[in-house]
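In what follows, a single structure is set out as structure tokens and then discussed.
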Amino acid sequence: MIVTIDGVAASGKSSVSSGVARALGIPYVSSGLLYRAATLLGLEAGVDLHDAPALLALLDNHAPRLEPLAEGNRVWSGTRELTDALHSSRVDAGVSVVAVLPELRAWVDAQLRALPEPFVAEGRDMGTNVFPHAGAKFYLTASPRIRAERRARERPEDIPAIEAALVRRDAKDQVQSAPAPDAQVIDTGPLTLEGVIGVILEGLGEVGKA
Ligand SMILES: Nc1ncnc2c1ncn2[C@@H]1O[C@H](COP(=O)(O)OP(=O)(O)OP(=O)(O)O)[C@@H](O)[C@H]1O
Ligand SMILES: Nc1ccn([C@H]2C[C@H](O)[C@@H](COP(=O)(O)O)O2)c(=O)n1
């Protein structure tokens, strides 16, 4: 069984996926971390982030791999853990450039499709492109201001700057970020984290009955 949770940047995908995965006793898979790992490796190597062959060569050399757990995902390159470096503003600013490259998308999709089921998969195109046959699909939204306010609690940046960066990233990620036609869309703005997890678990109960 695969459950997909897609949504816009900072809409709560990883926190919600972790909560749902823990409740179900299965891992969750953060697809964005693989795009972030490719971006980090490219930035560190001084590679042009538009240069797909150069990035693929780096990925061949460094072979980043995702460790999906219910509590949180980790990314490794050999014995080096990349996880903590993947959410910097520098990676945030570059990742949308990498994520539109078809060659990079094919690389990420292959990593994800090789993972053993069951799991909760979160990202942008989990329900549309990567796992169209998923058993249940959800899509999270919230206004840029609410998302920025939530992010500001984690990062020492001011709300308007975070909001502007989120709006820019939404626009760049738009092509691959449409909800699947059969996804349940959830506006997380008026809900707590536990509330969103509850809506999804309730939705999964309904899927089980269908
Ligand atoms: N419904 C909610 N109510 C309050 N805070 C929330 C809610 N959902 C998520 N958050 C908080 O918002 C922040 C962003 O959530 P999270 O990192 O899970 O989003 P994301 O969609 O995975 O982000 P990204 O696209 O950058 O990977 C976190 O601090 C999280 O705790
Ligand atoms: N399935 C996915 C997952 C992620 N991306 C892109 C879009 C984001 O800008 C970037 C990082 O994702 P996040 O950690 O913010 O979820 O990767 C994508 O195109 N498709």
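By convention here, the first residue in the shown sequence is residue 1. When reading the values below, keep in mind they use all heavy atoms of this one structure, side chains included, and skip hydrogens, waters and symmetry mates. We count ligands from 1, going down the list as the structure has it; atoms in each ligand are counted the same way.
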Are the side chain of Ser31 and the backbone N or O of Glu122 linked by a donor-acceptor pair below 3.5 Å? yes

For atom 12 (O) of ligand 1, what's the nearest protein heavy-atom neighbour? Residue, atom name and distance, please. Arg150 CB, 3.3 Å

For Arg150 and Thr188, test the side chains for any donor-to-acceptor distance below 3.5 angstrom and give the result as yes or no. yes

Is there a chain of hydrophobic side chains (I, L, V, M, F, W, Y, each step under 4.5 Å between heavy atoms) that links Val91 to Leu55? yes

Out of curiosity, Arg74 CZ to Asp84 CG, how far, rounded to the nearest 0.5 Å? 9.0 Å

Under 4.0 Å from ligand 2, counting heavy atoms only: the protein residues, by chain and number: Lys13, Ser31, Gly32, Tyr35, Arg36, Val95, Ser96, Ala99, Arg105, Gly123, Arg124, Asp125, Met126, Arg169, Asp173, Gln176

So, are Asp182 and Lys137 salt-bridged, with charged N and O less than 4.0 Å apart? yes

Any non-hydrogen side-chain atom of Val100 less than 4.5 Å from a side-chain atom of Val175? no

Answer with yes or no whether the hydrophobic clustering places Tyr28 together with Tyr35; edges join I, L, V, M, F, W, Y residues whose side-chain heavy atoms lie under 4.5 Å apart. no

Would you say Lys13 and ligand 1 have an N/O pair spaced under 3.5 Å apart? yes

Considering only heavy atoms from C-beta outward, does the side chain of Asp158 approach that of Ile162 to under 4.5 Å? no

Contact check, side chains of Leu24 and Leu204, non-hydrogen atoms, under 4.5 Å: yes

Just wondering, do Pro64 and Leu41 contact through their side chains at under 4.5 Å, heavy atoms? yes

Please could you name the atoms of ligand 1 that Val196 approaches to less than 4.0 Å, counting only its heavy atoms? 1 (N)

Could you walk me through whether Ser18 and Glu71 pass side chain to side chain donor-acceptor pair (under 3.5 Å), step by step? CA-CA 6 Å; Ser18 175; Glu71 311 79 52; over 6 Å; no

Looking only at protein heavy atoms, which one is nearest to atom 28 (C) of ligand 1, and what is the separation? Glu154 OE2, 3.2 Å

Which ligand 1 atoms does Thr192 reach within 4.0 Å, using its non-hydrogen atoms? 1 (N), 2 (C), 3 (N)

What's the shortest distance from atom 1 (N) of ligand 1 to any protein heavy atom, and which residue and atom give it? Leu191 O, 2.9 Å

For atom 19 (O) of ligand 1, which of Pro190, Gly19, Gly7, Gly12 has the closest heavy atom? Gly12

Taking a cutoff of less than 4.0 Å between a non-hydrogen atom of the residue and any ligand atom, is Arg169 in contact with ligand 1? yes

Considering non-hydrogen atoms of the protein only, which is the closest contact for atom 23 (O) of ligand 1, and what is the distance? Arg151 NH2, 3.0 Å

Polar contacts were defined as any N/O atom of the residue lying under 3.5 Å from an N/O atom of the ligand; does this apply to Ala10 and ligand 1? yes

I'd like to know if the side chain of Arg147 reaches the main chain of Ala9, judged simply by a donor and an acceptor atom lying under 3.5 Å from each other, with no hydrogens or angles considered. yes

Run the contact test for Ala9 against ligand 1 with a 4.0 Å cut-off on heavy atoms, strictly below, and give the result. yes

Any non-hydrogen atom of Arg36 lying under 4.0 Å from ligand 1? yes

Around atom 8 (N) of ligand 1, find the nearest protein heavy atom and jot down its residue, atom name and distance. Leu193 CD1, 3.6 Å

Sub-3.5 Å N/O-N/O distance, Ser15 and ligand 1: yes

With a 4.0 Å cut-off on heavy atoms, does Gly32 reach ligand 1? no

Taking atom CD of Glu44 as the centre, does the number of heavy atoms from other residues, nucleotides or ligands within less than 6.0 Å exceed 12? yes

